[in-house]
Enquirer: 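Before I ask anything, here is the structure I am working with.
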Amino acid sequence: MNVLVVNAGSSSLKYQLFDTTKNVVVAKGLCERIGIEGESTIGAISHKNLITEKEHKANLPMPNHTVATKYVVDALVNAEYGCVKSMSEIEAVGHRIVHGGAYFSESVLLTDDVLAKLELCRDLAPLHTPAHIQGIQGCLEVMPDVPQVLVFDTAFHQTMAPEAYMYGVPYEVYEKYAVRRYGAHGTSHRYVAGEMLKVLGKTEGTKVVTCHLGNGSSISAVKDGKVVDTSMGFTPLAGVLMGTRCGDMDPAVVPFIMNKEGLTPDEMNNYMNKKCGFLGISGVSSDCRDIEAAIADGNARAKLALDMLGYQIKKFIGAYSAAMGGLDAIVFTAGIGENTPSIRAMACEGLEYLGVEFDNEANYAVQRPIKTTCLSKDGSRVKIYLIPTNEELVIASDTEKIVSELKK
Ligand code: ADP
């Protein structure tokens, strides 16, 4: 089945066309600068046919996501650089959705009821939800007969128990505003945990910590294949130090900085999301590669930023081992998890008491292209694995499964 995987952001739309029968991505691309100046916006599409390697780039009027979706379909069916003969060969669309609140614990077929529930998630992800809805509406207008499936970043975390997802605020606040831990990166955690369980050869009785470390980072405790806890919270600000996000801190720091710096709530929110983390600590960059380069030049603040992340990951591994009553495996994934051996080493160093025998030689010898690699010594009771994430594959396969059922 040809599945179009769509990731709609506020001014962008990333896509991949998957052939789920052959399990390959046949084309991918990106529309940027959608609707920035309204009707007069000139956006950009860059498209690549991954089979023929033919590329297409163009600057075109892109006032909204519907128009962008039309260009995507045009590129996919183009005789020169396209990859399907006609629109009818696109059999399903799978959307990445950042927040499904407590409404969605699995991927679902788009219906009026589903769209109404997604509308209720606007408050929970004010930047992403409107973009997702526009992306969905764009597909509905351009491909009205093609079934659409929504795959939520929060869904995998919906198995958490109340003691793990509740905050210590008055219960009425939870009831009124749905303030609780939701987590994020669930599709990635689900994929790498699933791959790890294949290595372990079982699901029941397994205790796995998955570390998704990218620009945004989150860590999950996965027991018997189900999430029991995760480090991101009501929003993706919580948990470990990130590229530009602060991660966990005493909540009293928030009003303190607001008073001292004269910031409004919106300004403070922006500050915690955009000015903190690696960038704020190092003063150099939010990008881990720049941080490593600065450390090589002797920059102490860059080293502090990396040390903070390594230490915080280790703390989560310890806490989650306690929460699960043991540990069988640790998985590293995403940009930093896959590419930064020093972080993996810092996170795993000193965990011998848990049964971890980390193989630091294997850790530094990881080859490109990066594939699933064991980073623990033979005989280590706890297995350490590097598993490249593949969220698009999960979206494509969930979409295929749901749409195939429809056709039965
Ligand atoms: P996002 O959360 O935006 O999806 P990624 O998973 O792409 O982020 O991770 C980006 C982070 O991974 C950056 O801090 C980057 O420095 C780091 N990284 C290190 N090496 C690489 C690499 N070879 N390719 C991509 N990202 C890398």
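Counting starts at 1 for both ligands and their atoms, in listed order.
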Enquirer: Which is closest to atom 26 (N) of ligand 1 by heavy-atom distance: His212, Glu292, His185, Arg289?
Expert: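 Nearest heavy atom to atom 26 (N) of ligand 1 lies in Arg289.
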Enquirer: Considering both backbone and side-chain atoms of Thr340, is one of its nitrogen or oxygen atoms within less than 3.5 Å of a nitrogen or oxygen in ligand 1?
Expert: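 N/O-N/O distance under 3.5 Å: no.
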Enquirer: Please report whether ligand 1 has a polar contact with Cys288, defined as an N or O pair separated by less than 3.5 Å (distance criterion only).
Expert: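 Checking ligand 1 against Cys288, an N or O pair does fall under 3.5 Å apart.
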Enquirer: Quick one: do Asn273 and Asn269 satisfy side chain to side chain donor-acceptor pair (under 3.5 Å)? Show the steps, please.
Expert: CA-CA 6 Å; Asn273 274 290; Asn269 195 30; 3.3 Å; yes
Enquirer: Got the closest protein heavy atom to atom 11 (C) of ligand 1, with its distance?
Expert: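 Of the protein heavy atoms, Ile336 CG1, 3.7 Å lies nearest.
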Enquirer: Does either side chain, that of Glu55 or that of His47, offer a donor lying less than 3.5 Å from an acceptor on the other one?
Expert: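 No, no side-chain donor-acceptor pair sits under 3.5 Å.
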Enquirer: Where the side chain of Thr52 meets the backbone of Lys54, is there a donor-acceptor pair that is under 3.5 Å apart?
Expert: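 Indeed, once roles are kept as given, a pair shorter than 3.5 Å links the two residues.
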Enquirer: Could you work out, for atom 18 (N) of ligand 1, the closest of Ser218, Gly337, Ser285, Gly335 by heavy-atom distance?
Expert: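 Selected option, by shortest heavy-atom distance: Gly335.
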Enquirer: Mark the output for Gly216 as yes if a heavy-atom distance to ligand 1 is under 4.0 Å, and as no if none is.
Expert: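 Yes; Gly216 lies near enough to ligand 1 that a heavy-atom distance drops under 4.0 Å.
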Enquirer: For Thr333 and His212, test the side chains for any donor-to-acceptor distance below 3.5 angstrom and give the result as yes or no.
Expert: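 Thr333 vs His212: no donor-acceptor pair found between side chains.
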Enquirer: In the protein, which heavy atom is nearest to atom 20 (N) of ligand 1, and how far is it?
Expert: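 Ranked first by proximity to atom 20 (N) of ligand 1 is Asn339 CB, 3.1 Å.
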Enquirer: Yes or no on side chain to side chain donor-acceptor pair (under 3.5 Å) for Asn78 and Tyr81, after CA distance, side-chain angles and deciding distance?
Expert: CA-CA 6 Å; Asn78 184 278; Tyr81 47 78; 3.2 Å; yes
Enquirer: Looking only at distances, please establish whether an N/O atom of ligand 1 is found under 3.5 Å from an N/O atom of Asn215.
Expert: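 Indeed, backbone or side chain, Asn215 has an N or O that close.
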Enquirer: Could you tell me whether Gly214 and ligand 1 have an N or O pair separated by under 3.5 Å?
Expert: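 N/O-N/O distance under 3.5 Å: no.
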Enquirer: Would a line drawn from the ring center of His132 to the ring center of His99 be shorter than 6.0 Å?
Expert: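 No, the ring centres sit 6.0 Å or more apart.
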Enquirer: Looking only at distance, does Ala334 have an N or O less than 3.5 Å from an N or O of ligand 1?
Expert: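 Such a contact does not occur with ligand 1.
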Enquirer: For atom 16 (O) of ligand 1, is the nearest protein heavy atom closer than 4.0 Å?
Expert: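 Yes, there is one.
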Enquirer: Go through it in stages, so that I can follow the logic: the residues are Glu400 and Thr20, the test is side chain to side chain donor-acceptor pair (under 3.5 Å), and I'd like the CA-CA distance, side-chain angles, deciding distance and then a yes or no.
Expert: CA-CA 7 Å; Glu400 189 231 40; Thr20 59; 3.2 Å; yes
Enquirer: Treating Asn363 as the side-chain partner and Asp359 as the backbone partner, does any N or O pair qualify as donor plus acceptor under 3.5 Å?
Expert: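 No, the answer is negative, given that no donor and acceptor are paired below the 3.5 Å cut-off.
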